[in-house]
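What follows is one structure encoded as structure tokens, with my remarks underneath.
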Amino acid sequence: MSILIKGGRVVTAESDFIADIYTEGEQIVAIGKDLPYKAKKTINAKNKLVMPGGIDPHVHLDMPFMGTHSSDDYENGTRAALFGGTTMVIDFILQTQGDSLKNALKTWQGKSQGKAIGDYSYHMAVTDFNKKTAKEVVQMIEKEGITSFKTFMAYKGALMIDDGQMVQLMKVVKEHGGLVTVHATNGDMIDSLVAKHRSEGKLSPLYHYLSQPEITEAEASARFADMLHYTGCPGYIVHMTCEGALNAVREATLRNQKLFVETCTQYLTLDASLYKRKDGAKWVMSPPLREKKDQKALWSGLNQGLVQVVGTDHCPFTWKQKQMGKKDFSKIPNGHPAIEHRMELLFSEGVRKGRISLNKFVELSSTNAAKIFGMHPRKGTIAIGADADIVVFNPRKRHVISKKTHHMNADYSSYEGFKLTGKTETVVLRGQVAIEKNKCLLRKGYGQFIKRGKTSLVV
Ligand code: URP
Ligand code: ZN
Ligand code: ZN
């Protein structure tokens with residue numbers, strides 16, 4: 001298959017020019033003005049933006065959690081991602097406490113192989129660190145191409161590890177060139193606030209928010225940064241929500257630490273006032289949505305280079321699943337559907353509203369994730385020899401987000417009625433047209449597992 005994308009405005013993290021792009025097989029073969037190639041397929045990109053396929057490094061597909069499973073599997077989740085211009089996702093394998101990383105890997109391979117439509121990789125969540133796990137960590141990096149290890153400082157009894165285990169894990173990961181990522185909130189503080197609110201009969205979704213005050217995230221982020229500093233390991237904080245946590249990272253950067261930060265579209269665009277609504281369970285996620293002042297801090301953090309990645313933490317549940325916590329906020333499965341609109345939300349709220357530049361948009365939605373997670377320059381850029389993962393984007397197209405038109409397996413949208421400017425129109429994944437005229441043209445099983453290398457520490 002060959003494709004000629006003609007006359008678009010090609011935007012990468014560092015450049016912006018009008019050109020044609022010619023792809024052959026799975027890769028980009030030529031970039032230039034008026035390329036003399038004849039292709040099987042020509043895409044007219046005049047007046048459109050042509051950008052690297054998006055990478056969402058934080059999704060949970062078909063994940064067992066809080067007594068149920070996230071409602072998008074690999075087929076549906078990666079298809080919905082493609083509709084929004086995200087050509088690759090990184091999901092989380094969860095080690096079962098008492099069991100091996102190898103078994104957990106097998107379980108996730110069973111969920112994804114032959115099912116994914118878009119490309120994918122995994123972070124390995126280490127929930128039980130011991131001598132055996134330490135050896136397996138090395139195998140994951142050297143044999144499996146899984147180079148990032150997720151840790152939880154919360155969800156005690158299911159996913160959380162203690163600080164002693166964290167430091168030991170960091171030492172092994174550092175020695176072998178990997179990266180430790182973290183859900184940074186103080187699990188013990190949260191658990192005691194949850195217990196207090198429940199004992200007082202305060203059971204509505206608002207108390208999910210009030211059980212996870214900003215300090216629980218700021219404290220854990222600072223503690224994680226200190227443990228990284230002590231061990232010399234590079235790290236990555238997932239789904240950062242607030243000013244206090246960002247300030248902890250600011251402090252850490254004064255020590256010249258390799259500490260990367262991800263925020264998510266919801267923390268940039270939605271706020272905690274939603275928890276007062278009757279349907280507040282829709283936004284029950286951890287950490288919770290915060291205040292307007294936190295949104296402001298995060299947008300600044302993107303431009304200051306303190307926050308390098310915008311993901312989604314896509315962890316969808318249907319309204320029926322959310323009803324598991326109808327009488328008790330602590331039983332509401334945490335998470336929301338988001339994989340589809342990450343790029344369009346970030347473009348509309350960020351670029352169109354003058355908060356970030358177009359090059360910054362590409363960095364945040366694709367390039368930095370590819371660099372941090374060891375896939376650049378195969379992924380995350382438009383360059384000769386890179387995978388032909390390309391988004392043709394109409395920067396003027398207006399549309400409205402709705403559950404009626406989205407492709408995620410969720411019967412509500414967290415952004416229902418949001419008016420956006422800018423829409424993904426055509427998507428190419430490894431040289432094949434994936435999305436065209438609002439249809440997905442790829443079949444399940446096209447998505448490939450992408451083996452990753454070591455972090456490139458400069459973004
Ligand atoms: O609420 C969330 N974030 N659910 C998914 C699990 C996690 O903590 O990322
Ligand atoms: Zn988390
Ligand atoms: Zn998550």
Side-chain angles (χ1 to χ4, degrees), residues 57-58 60 63-66 90-108 122-144 146-192 194 212 216-240 245 248-249 252 257-262 286-287 313 334 373 454-455:
H58 192 150
H60 302 277
M63 179 177 79
F65 193 49
M66 297 183 73
I90 313 183
D91 189 17
F92 294 83
I93 296 176
L94 301 182
Q95 175 192 21
T96 302
Q97 292 182 336
D99 202 351
S100 64
L101 300 186
K102 199 168 144 213
N103 282 342
L105 173 60
K106 266 197 216 143
T107 304
W108 258 261
Y122 315 116
H123 306 283
M124 176 61 74
V126 176
T127 63
D128 188 0
F129 186 80
N130 52 48
K131 280 194 181 134
K132 199 172 154 235
T133 323
K135 285 199 183 120
E136 289 196 286
V137 163
V138 182
Q139 285 166 2
M140 290 297 148
I141 296 175
E142 293 180 355
K143 284 209 188 105
E144 307 292 349
I146 297 173
T147 51
S148 48
F149 297 86
K150 172 75 180 294
T151 58
F152 291 89
M153 295 167 89
Y155 304 123
K156 202 171 184 169
L159 302 172
M160 179 170 155
I161 56 170
D162 66 27
D163 292 351
Q165 290 176 307
M166 179 75 90
V167 166
Q168 294 309 316
L169 171 67
M170 285 176 174
K171 284 183 178 164
V172 180
V173 170
K174 175 203 154 60
E175 199 184 324
H176 296 274
L179 181 78
V180 173
T181 81
V182 71
H183 171 124
T185 60
N186 185 318
D188 285 330
M189 276 175 84
I190 292 167
D191 287 349
S192 75
V194 169
Q212 300 201 32
T216 60
E217 192 179 335
E219 184 281 328
S221 301
R223 184 157 38 101
F224 179 73
D226 284 345
M227 290 187 279
L228 288 176
H229 184 59
Y230 172 66
T231 57
C233 186
Y236 178 98
I237 301 179
V238 306
H239 56 37
M240 185 173 283
V249 172
Q257 278 185 247
K258 290 299 169 205
L259 173 54
F260 303 107
V261 176
E262 160 202 291
S286 291
D313 194 6
N334 285 200
F373 294 112
K454 296 185 177 172
T455 307

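Owing to the predicted nature of the structure, the values given are computational and were not obtained by experimental measurement.
Side chains of Met140 and Leu105 form a contact here, defined as non-hydrogen atoms less than 4.5 Å apart. Using a 4.5 Å cut-off on side-chain heavy atoms (C-beta onward), His58 and His123 make no contact. Counting heavy atoms from C-beta outward, Val137 and Val173 have side chains that approach closer than 4.5 Å. Between His60 and Asp313 there is a side-chain heavy-atom pair separated by less than 4.5 Å. The side-chain heavy atoms of Trp108 and Leu94, taken from C-beta on, include a pair separated by under 4.5 Å.
Within the model, atoms CD of Gln97 and CD of Gln95 stand 7.5 Å from one another, a figure rounded to the nearest 0.5 Å. Here the OG1 atom belonging to Thr133 is positioned 11.5 Å from the NZ atom belonging to Lys131, to the nearest 0.5 angstrom. The structure places CE of Met153 at 10.5 Å from CG of Asp188, a figure rounded to the nearest 0.5 Å. Atom OG1 in Thr231 sits 9.0 Å away from atom CG in Leu169 (nearest 0.5 Å). Ile141 CD1 to Leu179 CG: the interatomic distance, rounded to the nearest 0.5 Å, is 9.5 Å. With values rounded to the nearest 0.5 angstrom, Thr127 atom OG1 is found 12.0 Å from Ile93 atom CD1.
Contacts classified as salt bridge (Lys or Arg N to Asp or Glu O under 4.0 Å) and involving residues 93-108 (residues at least two apart or in different chains) are not found. Within the structure, salt bridge (Lys or Arg N to Asp or Glu O under 4.0 Å) contacts touching residues 163-175 (residues at least two apart or in different chains) are Asp163-Arg223.
The heavy-atom pair separating Ala248 from Ala218 by the smallest distance is CB-O, 4.1 Å. Between Glu136 and Leu101, the shortest heavy-atom contact is OE1-N, 2.8 Å. When all heavy atoms are compared, the tightest approach of Ile237 to Ala184 is CG2-CB, 4.1 Å. The nearest pair of heavy atoms linking Val172 to Ala134 is CG1-O, 3.8 Å. Heavy atoms only, all atoms of each residue included: Ala154 and Met160 are closest at O-CB, 3.1 Å. When all heavy atoms of Val182 and Lys150 are compared, the pair lying nearest together is C-CE, 4.0 Å.
Side-chain atoms of Thr151 come within 3.5 Å of backbone atoms of Thr181 as a donor-acceptor pair (strictly under, hydrogens ignored). Judged purely by atom type and a 3.5 angstrom limit, Ser148 has no side-chain atom pairing as donor or acceptor with the backbone of Phe373.
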Practice item. Could you walk me through whether Thr96 and Thr107 pass the side chain to side chain contact (heavy atoms under 4.5 Å, CB included) test, one step at a time? Key: CA-CA 11 Å; Thr96 302; Thr107 304; over 6 Å; no
**Study point:** Verdict with reasoning, Gln165 to Asp128, per side chain to side chain contact (heavy atoms under 4.5 Å, CB included)
**Key:** CA-CA 8 Å; Gln165 290 176 307; Asp128 188 0; 4.2 Å; yes
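Applying ring-ring contact (aromatic ring centres under 6.0 Å, His included) to His183 and the options Tyr236, Tyr155, Phe224 leaves one that passes, Tyr155.
The closest side-chain donor-acceptor pair between Ser286 and Gln212 falls under 3.5 angstrom.
For the side chain to side chain contact (heavy atoms under 4.5 Å, CB included) test, no residue two or more places apart in sequence or in another chain qualifies with Lys135.
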